[in-house]
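What follows is a short report on a single structure.
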Amino acid sequence: MSFSAADHGFMARALQLAWRGLYGTSPNPRVGCVLVRDGRIIGEGWHERAGLPHAEAAALKATVDAGDTAIGATAYVTLEPCSHFGRTPPCADALIEAGVARVAAAIQDPNPLVVGQGLTRIAKAGIEVASGLLAAEATELNIGFISRMTRGRPWLRLKVAASLDGKTALNNGVSQWITGAEARRDAHAWRARSCAVLTGIGTVKDDNPRLTVREVQTPRQPLRVVIDSRLETSPDAAVLEGGNVLIAAAQDDPARSAALRARGAEIVLLPNARGKVDLAALLQELGRRGINEVLAEAGTRLNGSLLREGCVDELLIYQAPMLLGDAARGMFGLAELTDLAGARRLNIIERRVVGVDCRIRARLA
């Protein structure tokens, strides 16, 4: 289906609106909506937070508040209007009742409760429908939601701060700070858009991180997840401050469990056959909890395990202009290769200078 230059411009505006919900809509998707009649925007809105009106409802209300109606308008929506009752009524019905003449969606909603049914319902009401407009951009915006709906697990980004020679810490564990202030602030923005931040017990012991968002404003803090097979997390660990912590273990220890629960942590046992935490099962558990995007900030060993077990979807690497030498710790604890055919190939999707550092985003080929 072909779209006009005006169609592209209005959908681009809808995507701009959807981005405003980047930090707050989970577990819902980020959605924007623009209502246009006679080439003029008469209403627009976006989904701000779960439980609040969806983008279509917000745009329709803005239209009414401005003393207008949506009769005969085109609705540009970044995601197919929903067709089921959740916390709010179906947006497909709202658009039908408002009398719009056309609905253009960027992508179909992958939610099994919707997946095509919203557009079908609208079309059956005699309204023109179209989809696929700026689909790639809309997919990227909701890549975590799509992952959870289609795979049952969140999209996992593995964040690494390293020197130019690929080292993440000195041999004695010192790593603060390899990257500059601008890169650290940028990393906090990736934390803010994530539903969960994941680390391992090694990082908790070495760095005692809080794993909270501090450098950017956010309406909510992500869930903090610690992979700790033997429940070695200290009750005094900074990561436990304020609660909202999930500890994934492989074996229980009643005394340690009680101490951690007293600090507000939740514990889930997910052992694999080797007595470690089953990482794939953990991702499925996070998916069941409505987690769309996970940012992993861990050490060499856990980074390697996440890669080996197929849990990593995207690498977020900050490279600092310094050299730390052979004895320093590397990025990934992976087995030695004797043939380049066994190398893990990547597709680099973005390179950007952030302060004095370079940020690389890559996905496994």
Side-chain angles (χ1 to χ4, degrees), residues 1-18 20-21 25 27-139 141-142 145-146 149-150:
M1 180 175 293
S2 61
F3 295 98
S4 68
D7 287 333
H8 281 82
F10 290 129
M11 186 62 81
R13 174 57 182 165
L15 283 164
Q16 285 181 332
L17 294 169
R20 297 185 182 182
T25 64
N28 292 349
R30 301 144 181 157
V31 185
C33 177
V34 172
L35 295 170
V36 176
R37 189 177 57 233
D38 300 326
R40 180 177 64 88
I41 293 176
I42 60 171
E44 58 183 30
W46 68 96
H47 184 44
E48 297 183 34
R49 192 169 64 250
L52 294 184
H54 288 186
E56 298 92 328
L60 290 169
K61 183 177 186 302
T63 302
V64 172
D65 288 348
D68 205 342
T69 71
I71 296 175
T74 293
Y76 295 89
V77 192
T78 59
L79 186 71
E80 174 185 10
C82 62
S83 56
H84 67 292
F85 281 88
R87 297 188 186 181
T88 59
C91 292
D93 291 352
L95 291 173
I96 293 169
E97 293 168 6
V100 301
R102 179 177 178 234
V103 174
I107 57 175
Q108 281 194 345
D109 189 336
N111 187 338
L113 296 175
V114 183
V115 69
Q117 296 180 55
L119 291 176
T120 297
R121 182 180 297 185
I122 292 169
K124 285 183 177 179
I127 298 170
E128 180 186 348
V129 299
S131 64
L133 178 57
L134 299 185
E137 292 84 349
T139 296
L141 178 60
N142 280 308
F145 177 77
I146 294 170
M149 288 295 138
T150 58

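For the numbers below, each heavy atom of this structure counts, side chains included, while hydrogens, waters and symmetry mates do not.
Rounding to the nearest 0.5 Å places CD of Gln117 at 9.5 Å from NZ of Lys124. To the nearest 0.5 Å, atom CD of residue Glu48 and atom CG of residue Leu17 are 10.5 Å apart. Considering CD1 of Ile41 and OH of Tyr76, their distance stands at 9.5 Å, rounded to 0.5 Å. Note that CG of Asp109 is 5.0 Å distant from CG of Asn111, once rounded to the nearest 0.5 Å. The OG1 atom of Thr63 sits 4.5 Å away from atom CG of Leu35, with the distance rounded to the nearest 0.5 Å. Atom CG of Leu119 is separated from atom OG of Ser83 by 9.0 Å, given to the nearest 0.5 angstrom.
Annotation: side-chain contact (heavy atoms from CB on, under 4.5 Å) contacts of Thr150 (sequence neighbours excluded): Pro110, Ile146. In this structure, the side-chain contact (heavy atoms from CB on, under 4.5 Å) partners of Arg49, at least two apart in sequence or on a different chain, are Leu52. Residues that satisfy the ring pair (Phe, Tyr, Trp, His ring centres under 6.0 Å) test with Phe145, not counting sequence neighbours, are absent from this structure. The side-chain hydrogen bond (donor to acceptor under 3.5 Å, both in side chains) search around Glu44 returns Arg13, not counting sequence neighbours. Applying the side-chain contact (heavy atoms from CB on, under 4.5 Å) criterion to Ala6, with sequence neighbours excluded, gives Ser4, Phe10.
Between Thr69 and Ile42 the shortest heavy-atom distance is O-CD1, 3.4 Å. Across all non-hydrogen atoms, the minimal contact from Gly51 to Asn28 is N-ND2, 4.4 Å. Minimum heavy-atom separation, Gly45 to Ala58: CA-CB, 4.0 Å. The two residues Met149 and Pro112 come nearest to each other via the heavy atoms SD-CD, 3.8 Å. In terms of heavy atoms, Ala18 sits closest to Thr78 at CB-OG1, 4.1 Å. For the residue pair Leu95 and Pro81, the shortest heavy atom distance occurs at CD1-CG, 3.7 Å.
With hydrogens and angles disregarded, no donor-acceptor distance shorter than 3.5 Å links the side chain of Glu56 to the backbone of Cys33. The backbone N or O of Arg102 lies less than 3.5 Å from no partner atom in the side chain of Glu128, so there is not a single donor-acceptor pair. Using modelled atom types, no side-chain atom of His47 and backbone atom of Gly32 make a donor-acceptor pair closer than 3.5 Å. Here the side chain of Arg20 pairs no donor or acceptor atom with the backbone of Trp46 at under 3.5 angstrom.
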Please lay out, stage by stage, how Ile107 and Leu79 fare under the test side chain to side chain contact (heavy atoms under 4.5 Å, CB included). CA-CA 5 Å; Ile107 57 175; Leu79 186 71; 3.6 Å; yes
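The closest side-chain heavy-atom distance from Leu134 to Leu15 is below 4.5 Å. At least one side-chain heavy atom of Arg121 sits under 4.5 Å from a side-chain heavy atom of Asp93.
Among pairs with a residue in residues 65-77, those fulfilling salt bridge (Lys or Arg N to Asp or Glu O under 4.0 Å) read Arg37-Asp68, Arg40-Asp68, Lys61-Asp65, at least two apart in sequence or across chains.
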